[in-house]
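All remarks here apply to the structure that follows.
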Amino acid sequence: MLIKNGTLVTLGEKNEIIPEGAVLVREDYIADLGSSVELAARYPDEDVLNARGKLVMPGLICAHTHFYGAFARGMAIPGEPPANFPQILERLWWRLDKALDYEDIRYSALVCLIDAIRHGTTCLIDHHASPNAIDGSLDVIAEAVEEAGVRACLCYEVTDRDGAERAKAGIRENVRFIKKVQGYKGAKVQRGYLESYILNLITCTFGLHASLTLSDETLEECVTAARDLGVGFHIHVAEDIADVEDSIRRSGMRVVERLAKLGILGPKTIAAHCVHLNEREMEILKGTDTKVVHNPRSNMNNAVGTADVPAMLGRGVLVGLGNDGFSNNMFVEMHAAYLVHKLAKRDPRVMGADQVLRMAFQNNAQIASLFWPERPLGEISIGAHADIVLVDYNPITPLTDSNFPWHIIFGVDGTGIDTVIVGGRLLMKGGKLLTLDEEEICARAKELARKVWRRISRISATN
Ligand SMILES: [Zn+2]
């Protein structure tokens, strides 16, 4: 497939804008790029996808999300409004997760995946919880992801908050699913392109909720299991001050110190949030090469504080960008990241658009490369995964290699995504979804969401 006549934005280490550019996609990777005239002459027999009037750019990556949160949209939390983060967890999220059965998990994931494709998010790192439907829950999500055709890294969040039995079940689910995926990876080379592509979409890590709901004993058990499997962790870290206070009470240490001592941190571990850190903890994150994921919309919504991302980046900590279950439109998350630090520091020089794009593309690509190491992601380059989006954008000011980040912040909001390609396969073309039946999914999701809301009211009434 030859995508031509668009404005090519390569991103990657050195962003290049190629007006009237073209990209050649072969199987699941990018085989060539350059000017449309050159490539049309070089590959006269290719099927052509006309990108006139559009930016052609890499698919967006979301480095921390919760597919299970979709049914919370518009839901009034029963009782008094939560006044702090622990109350938000108890009254909203820990009631929602308990109310989910397997069909809810499937449709919650599917509606997120529709939203992701519609906004050009082609790779998502999910963190799942459903204490009344643990065994096999990751298979249900994997099936939805395969149907959608995007990339996703899945895990189950182990926690002690629902008792020892469910903590064990959470560990079991991670171990079972990781072994299954690792088995797939071995089989992949034997298979044809399409089958390999599907198997390659899904990957996995070991999920943990957060320090404040995990005992040393449970964490030690997880470390042993993950070590045997050669994987890292995906965990919420110091999202709220309550996590820090709990860690000091339990261990005499702050959250990052406690997790480091127990062997949770490391180059394959994703630490979401990191809002309440001191300098020593930032040094530990840097020293262990732990990957941090910033979720500005969620942090503002929960009023937990502003992560000192400029300080972390300044110290060389790798910080990416996630949505923590907000809409799967990463353009909006970039806008939030651009704005919040300026306000928090009362300094308009803080967090330039170039830094925001670096987090969203290069840093997120580095995090994603832990799970899809075969080819580069987050850039349009020869040999990279063919994860490409076409977005309607007619700039009214000059568009250059260096000012492109400011065009994203002030001109592109994700609603203009027109065409989405993952691993060389078209998932949306001209605004029409090709892999998912949006009407059926939304209709069924609406029925299920009503039932989930009723169950949450019952759970709330008994608490
Ligand atoms: Zn989260």
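We number each residue from 1, following the sequence as shown. In what follows, every heavy atom counts, from backbone to side chain, and hydrogens, waters and symmetry copies are set aside. Computed from a prediction, not measured in an experiment: that's the story for all the values here. Just follow the structure's listing: the first ligand is 1, and inside any ligand the first atom is 1.
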Discussion item. Taking the six-membered ring of Phe326 as reference, does the cationic atom of Arg297 (NZ for Lys, CZ for Arg) lie under 6.0 Å from its centre and within 45° of its axis?
Written reply: no
Worksheet item: Taking the six-membered ring where the residue is Trp, are the ring centres of His234 and His236 under 6.0 Å apart?
Response: no
Worksheet entry | Minimum-distance atom from the Zn ion (ligand 1) among N, O or S atoms of Asp324 | OD1
Worksheet item: Counting backbone and side-chain atoms alike, does His64 have an N/O/S atom under 2.8 Å from the Zn ion (ligand 1)?
Response: yes
Item to complete: Would you indicate whether the side-chain heavy atoms of Leu96 and Val452 approach each other to under 4.5 Å?
Response: yes
Practice prompt. Step through it carefully: locate the ring centre of His209, locate the ring centre of Trp94, and say whether they are under 6.0 Å apart.
Written response: yes
Practice prompt. Using only N, O or S atoms, tell me which atom of His236 is closest to the Zn ion (ligand 1).
Written response: NE2
Discussion item. At less than 2.8 Å, would any N/O/S atom of His273, backbone or side chain, sit next to the Zn ion (ligand 1)?
Written reply: no
